[in-house]
Trainee: 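Please see the structure below; I have some questions.
We count residues from 1, following the sequence as given.
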Amino acid sequence: TSIGALTPVSSVSTIAMSRACACSMCEQPAGPVQVPAISIRRVQVLIVDDSADAAASLTMLLELEDIAAQSVGDAEAALQYVEGTTPLLLLIDIGLPGMNGFELAQRLRQMPQLNGATLIALPGREQPSAQEQALFDQFWTKPFDPRRLIEEVKIVISRAAARQLA
């Protein structure tokens, strides 16, 4: 996928999402939610990993599910990339050369255009402090289940589509 490539999409996806509450005061009950797919295909997932093989595998896995993904090999490239586009989800390896994944997450959290983005850490053996863990929405220790990744990415995308409609 090239940076900035846009392709119209006009399908509707049904993705099961669990709601925080299904009480009588909430407007809608818990259960599957049908939301329109994002109307413009853009890079939805940015993979930041210095292992070219791992990044290529993740990118291919997502592209097979028709999820636009892009990968970069270090934190500086990630910061440069997000200046031009706003991914919905960033999968960040912690053991990056130079600026590590924790430092990158701290910088990304300060960028207003990434306010609604989901950051998932992909640590190998690194044990985060509570402060470092707070920088990320989730931590997935490698190796992780690729089916779980696809499910989580689809949930993040459906939430973003719902926000666009609101």
Side-chain angles (χ1 to χ4, degrees), residues 1-9 13 15 17-18 20 33 35-52 54-63 65-124 126 128-142 144 146 148-166:
T1 303
S2 63
I3 297 173
L6 300 176
T7 307
V9 175
S13 301
I15 299 172
M17 293 175 42
S18 56
V33 177
V35 295
I38 293 179
S39 59
I40 300 293
R41 180 177 160 87
R42 63 181 175 98
V43 172
Q44 297 167 327
V45 179
L46 178 63
I47 300 159
V48 186
D49 199 322
D50 60 324
S51 167
S57 295
L58 283 173
T59 302
M60 186 174 8
L61 176 67
L62 294 169
E63 293 283 344
E65 293 288 326
D66 200 31
I67 298 167
Q70 177 70 35
S71 64
V72 295
D74 60 45
E76 291 298 331
L79 290 170
Q80 187 174 31
Y81 182 85
V82 298
E83 287 178 8
T85 189
T86 307
L88 303 172
L89 172 66
L90 292 92
L91 301 173
I92 302 172
D93 180 32
I94 298 301
L96 296 170
M99 184 188 315
N100 69 31
F102 297 120
E103 296 165 323
L104 173 59
Q106 188 171 25
R107 298 264 307 268
L108 293 170
R109 290 293 187 202
Q110 295 170 355
M111 300 176 84
Q113 71 268 31
L114 294 176
N115 194 21
T118 299
L119 274 58
I120 297 177
L122 303 176
E126 300 85 354
S129 68
Q131 186 176 12
E132 290 170 331
Q133 196 164 1
L135 295 168
F136 290 91
D137 298 293
Q138 298 178 33
F139 267 77
W140 295 359
T141 304
K142 295 177 186 175
F144 51 84
R148 180 177 172 218
L149 171 71
I150 295 300
E151 290 171 13
E152 186 62 29
V153 169
K154 287 181 178 181
I155 289 170
V156 168
I157 291 169
S158 69
R159 287 180 183 154
R163 281 193 306 266
Q164 280 186 349
L165 294 175

Trainee: State which residues pass salt bridge (Lys or Arg N to Asp or Glu O under 4.0 Å) with Asp137; sequence neighbours excluded, sorted by chain then number.
Mentor: Arg109

Trainee: Looking at residues at least two apart in the chain, or sitting in another chain, which of them share a side-chain contact (heavy atoms from CB on, under 4.5 Å) with Ala121?
Mentor: Ile94, Pro123, Phe136, Phe139

Trainee: Residues in salt bridge (Lys or Arg N to Asp or Glu O under 4.0 Å) with Glu65, at least two apart?
Mentor: Lys154

Trainee: Is there a side-chain contact between Asp49 and Val72 in this structure, where contact means two heavy atoms from C-beta onward sitting under 4.5 Å apart?
Mentor: no

Trainee: Do Leu58 and Leu149 come within less than 4.5 Å of each other through their side chains, counting heavy atoms only?
Mentor: yes

Trainee: CD1/Ile47 to CG/Leu62 distance, rounded to the nearest 0.5 angstrom?
Mentor: 5.0 Å

Trainee: To the nearest 0.5 Å, tell me how far Gln44 CD sits from Gln70 CD.
Mentor: 13.0 Å

Trainee: Going by side-chain contact (heavy atoms from CB on, under 4.5 Å), name the residues that satisfy it together with Ser57, two or more places apart in sequence or in a different chain.
Mentor: none

Trainee: With a 4.5 Å limit on heavy-atom distance, are the side chains of Gln131 and Phe102 in contact?
Mentor: no

Trainee: Does some side-chain heavy atom of Val48 sit less than 4.5 Å from a side-chain heavy atom of Leu96?
Mentor: yes

Trainee: Identify, with sequence neighbours excluded, every residue that meets side-chain contact (heavy atoms from CB on, under 4.5 Å) alongside Gln106.
Mentor: Gln110, Leu135

Trainee: Which residues pass the side-chain contact (heavy atoms from CB on, under 4.5 Å) test with Leu108, sequence neighbours left out?
Mentor: Leu79, Val82, Leu90, Ile92, Leu104, Met111, Leu114, Leu119

Trainee: Any side-chain heavy-atom pair from Ile120 and Thr118 closer than 4.5 angstrom?
Mentor: yes

Trainee: Is it the case that over 12 heavy atoms from other parts of the model lie below 6.0 angstrom from the CD atom of Gln133?
Mentor: yes

Trainee: Is the shortest heavy-atom distance from the side chain of Leu46 to the side chain of Leu89 under 4.5 Å?
Mentor: no

Trainee: Got a donor-acceptor contact below 3.5 angstrom from the Glu63 side chain to the Ala69 backbone?
Mentor: yes

Trainee: How close do Glu103 and Gly98 get, heavy atom to heavy atom, and via which atoms?
Mentor: OE1-O, 4.1 Å

Trainee: Using a 4.5 Å cut-off on heavy atoms from C-beta on, say whether the side chain of Pro87 contacts that of Val45.
Mentor: no

